[in-house]
Amino acid sequence: MNPSDLPPLPLDQRPAWKALQSHFQSIGTAHLRELFAEDPERGERFTAQAAGIFLDYSKNRITHETITLLVELAEQSGLRSRIDAMFRGDKINLTENRAVLHVALRAPKSESILVDGEDVIPGVHAVLDKMASFADRVRSGQWKGHTGKAIRNVVNIGIGGSDLGPVMAYEALKFYSQRNLTFRFVSNVDGTDFSEAVHDLNPDETLFLVASKTFTTQETMTNAHSAREWSLAGLGGDESAVAKHFVAISTNAKEVASFGIDTENMFGFWDWVGGRYSMDSAIGLSTMIAIGPENFRAMLAGFHAMDVHFRTAPFEKNLPVLLGLLTLWYTDFFDAQTIAILPYEQYLKRFPAYLQQLTMESNGKHVTLDGTTVATQTGPVYWGEPGTNGQHSFYQLIHQGTRLIPCDFIGFAKSLNPLGRHHDMLMANVFAQAEALAFGKTAAQVRAEGTADWLVPHRVFEGNRPSNVILADALTPGVLGKLVALYEHAVFTQGIIWNIDSFDQWGVELGKVLATKILGELESPTEPAMSHDTSTASLIRRYRASK
Ligand code: F6P
């Protein structure tokens, strides 16, 4: 083992951590007004850019020393060697003994990455080519349904990473989509989701993409079976229709075949692609059908550009590293519980939901890689809405509530739908909100406006509320790739410092097991013998009595 691969000291024993603790004593209460007054250049200095993504992080409660110490912390945590290990294909997902290679999904053909001695890149490109040829056939109307009609509707059935990436990317890149095709996304086991998704669709023009890494996920399999029944009922019951109306996206050929989908119509991927990191794999088939293979490849090139930056840029200029470190700074030192993601771009309306799985399933962990309880807080809660809607609902709490909520504002220089003054108005709000949060409005300023004394406290804005502003030229497929990769690697950065496994998700298991057991009890024709606590047992009895 390379000495730099040795596990780092426990977080609270790393020298930079200790230095950050005493540094926090001096800077923790400093106001952004003072920080800007002391260092008027900070608005230009605390910025970084790469691959066309610009980050202004000057409105954070930091000084130059904070960044120096955070970068030292990253170094003392072994971030550099862990990045290399991920890109090399090492099995860094320890609890599942798997490589973590979403970066291979967007690597050019000329690269080579070995997993268990085998180069995975040719397989990645073979699947991309198969997807492209299929997507072209659907888009051109060449792929015909059972009755000879072209496909007009594409329904992705999946959940978690097999849904959130596809739906987020479809919404984000709708501008580039083929408009004579309708796209729907079914995820919830609630029958309403499926029923509403298909209620105005014709089975003979509808193609289902069953997206599931494992092909055993209860919600997805239940929806897929209902889709099969719905299709066959509308197509005269001929089983051979399934081949024309269902394709599978999975790593599990055996389960795909036992569902009745010909493995010829299966798009594969690999166990080294985590569900929440899979939108670049065959799981992105709906995206590719919507925007076309060329745009999909442009998206992958965007991801790759950010990968290269993450892998090669010095940490103090490295966008994902900076973003990850700043989140950790607030989470562990300011005790911030949540991070708000505020895209000022309507097309990014599902981006906060997408980031919820990416960040919270990755870093919602309470033990380190060696199984000991973490000494600090780990992954914060992510949430958000596109601007300006949030301003008229929850921004009140961000501005004047009692909690510290670091915000990421995301904006674009150009609108894809220029319309009168709309875009300038939208962007004016980005800059105004970040300014208001940072600098606020003092009691003296409020009084000077002639406000009655009793009303002054209500109208004061304390300010000192941190934010990042992320800017790009326009929301192209490539820029979307860069933004997603930016957050993926920020999550990685944090996970390495916390020394947790950002790539497993054992926390979803217990509920699944209990739900399977309870389902039997809900459906039992006779009163089931139950071994639950009294609350769960009486809820089950009540439901059985009234269903
Ligand atoms: O929620 C747990 C999880 O395993 C996610 O990590 C994953 O994205 C989702 O379920 C769906 O899994 P699959 O693609 O195997 O159906």
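Worth saying up front: this structure is predicted, and the values here are computed from it rather than measured. Whatever order the structure lists them in is the order used to number ligands and atoms, beginning at 1.
- Arg184 places a side-chain N or O within donor-acceptor distance of the main-chain N or O of Ala197, the cut-off being under 3.5 Å.
- Listed by chain and number, the residues in a salt bridge (charged side-chain N to carboxylate O under 4.0 Å, His left out) with Asp116 are Lys91 (sequence neighbours excluded).
- Side-chain contact annotation: Asp408 with Tyr487, donor-acceptor N/O pair under 3.5 Å present.
- Between the side chains of Thr372 and Thr368, at least one donor-acceptor pair of N or O atoms lies under 3.5 Å.
- Under a 4.0 Å N-O distance rule, the pair Glu239/Lys244 does not qualify as a salt bridge.
- Contacts of ligand 1 (protein heavy-atom distance under 4.0 Å) are Ile159, Gly160, Gly161, Ser162, Ser212, Lys213, Thr214, Thr217, Gly275, Gln357, Glu361, Gln505, Val508.
- More than 12 non-hydrogen atoms from other residues, nucleotides or ligands lie less than 6.0 angstrom from CD of Glu509.
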